[in-house]
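One-based numbering, in listed order, for ligands and for the atoms of each. The residues of the chain are indexed from 1 along the displayed sequence. Computed from a predicted structure; not experimentally measured.
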Amino acid sequence: MKLLPHLAALLTVVSLNFSPAFAQHSDAIRLNQVGFYTAAPKVAVIAAEAGGTFEVKEAKSGKTVLKGKLGEVRTSQHSGKHTRLADFSKLQKPGAYVIEIAGLGKSAVFSIGDRVHRSVAEAALKGYYYQRASIELPEKYAGKWARPAGHPDEKVLIHASAVSDRRPENTVISSPRGWYDAGDYNKYIVNSGITMGTLLSLYEDYPLYFEDFNTNIPESNNGVPDLLDEIVWNLRWMLTMQDPADGGVYHKLTNPRFDGMIMPDAAKNPRYVVQKGTAATLDFVAVMAQASRVFKNFDNKFPGLADSCITSAVKGWQWAEKHPAVLYNQEAMNKEFDPDVVTGAYGDRSVKDEWIWAASEMYAAAGKPEYIKNIDLELQQPMTLPTWSQVKTLGYYTLLRFAEALKLPSEQFDALRKNVLSYADNLLTNLEAQPYHTVMGKMAQDYAWGSSSVAANQGIALLYAYRLSKDQKYLHAALGNLDYLLGRNVTGYCFLTGFGAKRVMHPHHRLSIADGIVDPLPGLLSGGPNPGQQDKCAGYPNKFADESFTDNDCSYASNEIAINWNAPMVYLAAAMEATMK
Ligand code: 9MR
């Protein structure tokens, strides 16, 4: 009898450790647990006292292929802890390897080769398929994560805050499809905005790469890149969120309160669209304008879609001109209307940046500079990293992308270019002293809620800098942030579910919690360290910014997943693949 609990514990360990990648490794040797490009820089970080040398060995034969010296001691600005680098860039022979350090043992197994992040990019895009609302996921596409349809959203109510002449309170509208926002099942326009903008930009920046990029979704092989098919799932939902009477866009489609930890088909609470707002409307305008550009080239596959997008964008723009700053304030709304809505707020205090983004996308879609004529593009101010509440840089990226086609005045182009390059240069300053040799984490504020998306978005900014300058230092720093996300960080976790030797197993994600399957849904990016620790979850190791992470499903502040975090992950991994080819 006494043996039984032991056996159960052993079985759990065995089932969690089924793949060779899970073999015991030293947690003090931190590196990208997926792989390294043959010709690119390769470093591991040693986070323990060790002798001065390291060896790289073939994983299978144990044969030593490289010996090296550890770098100088570096000190973390967040915790005061010490690290040293093991630089094995010289090793360029494709294969599977481990790093071994006397007294510490071996690292996780990693590979060196070409296309090492292809599977990461594919999985991260496939993550959106798993987030789809209103559709059954059959085994053929979803494997063991197959599930019945949930949240049909064909009978959604107009909330008291959202009434208009033709749509009085409780009018029923149909608003199916879209992606679940995150660990919860609601659908938020503002967060869809940056997500779609990032994914559409990925397509516009690297269209050729997606000609042969299959994620095994129902639409695969329909002659349209899977990236765009996936985008259409959310685009069609977004189109339903515009009030046809006046062009204003509802802020979100939501339950009044979060669903419990249940599967989608068990969720039966009424859902509402709530208050039209300027942030939602301008984000919608930006996405629709960009989508009209992209889907114009697929008119035979999606007849009329591009037209609907630009028509909706124009209507949204006109609404916003009449309502230039209607902010979503959930608390104020709840004081005035019932039922109270307490789900994600995505309330923004300024819409200046949404104006910049929407205007830039409209300009690039319609070719009419009038759209930016009355907008202060804020080009003399430092660039900001895109977040759901700060989107102006998405507009900058688009203006840069189409500078030539739009015949952008050279002062404007130069200012944009300078803006991106100085942002990237600031990231790079003092890189040599960083404890993990990443631009991510230099500043304490990098560890915001969803810090993984900060790392990924910094990577994107660096890739723009690289394309503008052709200077490899930016490309390598971007790659460093991908390394960060895949394991070269203080927690030692590979933050993308389904990948790495030390993997995230317990994200705050209803679909992963309620399905009873040990492995979480794959291809989803965990939020990452967040010293705010707002969830007050018990598992945090300490208060240090870079360590405030716990792989525990109570931790919505450090271990949730979200569509706006996955998008830059897809971008960074796919763009890196496209670039390193
Ligand atoms: O990503 C959002 C973060 O910036 C906010 O600080 C946080 C608290 O308002 O909300 C995050 O977004 C959550 C949203 O409100 C609801 N769905 C889950 C999102 C990720 O945690």
Enclosure of Met261 CE (heavy-atom neighbours >12, cutoff 6.0 Å): yes
For atom 19 (C) of ligand 1, the protein heavy atom that lies nearest, with its residue and separation: Tyr346 OH, 3.5 Å
Mutual orientation of the aromatic rings belonging to Phe210 and Tyr203 [parallel < 30°, tilted 30-60°, perpendicular > 60°]: tilted
Numbering as shown, the atoms of ligand 1 that approach Ala182 to under 4.0 Å (heavy-atom distance): 17 (N), 18 (C)
Minimum heavy-atom distance Lys442-Leu427, with the two atoms named: NZ-O, 2.9 Å
Pair Trp233 + Tyr128: ring centers closer than 6.0 Å: no
Nearest option to atom 4 (O) of ligand 1, as decided by whichever heavy atom of Tyr185, Trp388, Tyr556 sits closest: Trp388
Closest protein heavy atom (residue, atom, distance) for atom 15 (O) of ligand 1: Gly344 CA, 3.1 Å
Tyr464 ring center near Tyr397 ring center (under 6.0 Å): yes
Residue and atom name of the nearest protein heavy atom (relative to atom 6 (O) of ligand 1), distance in Å to one decimal: Trp449 CE3, 3.6 Å
Main-chain N/O of Glu547 paired to Thr491 side chain as donor or acceptor, under 3.5 Å: no
Element-labelled atoms of ligand 1 that are located less than 4.0 Å from some non-hydrogen atom of Trp565: 1 (O), 20 (C), 21 (O)
Polar atom proximity, Asn564 to ligand 1 (N or O, under 3.5 Å): no
Aromatic centroids of Trp355 and Trp317 separated by under 6.0 Å: yes
Polar proximity ligand 1 side, Tyr188 side, N/O cut 3.5 Å exclusive: no
Polar contact flag for Asp181 and ligand 1 (N/O pairs, less than 3.5 Å): yes
Top protein contact for atom 18 (C) of ligand 1, by heavy-atom distance: Glu560 OE2, 3.1 Å
Atom 12 (O) of ligand 1 protein-contacted (non-hydrogen atom, under 4.0 angstrom): yes
Min side-chain heavy-atom separation Asp229-Ile217 under 4.5 Å: yes
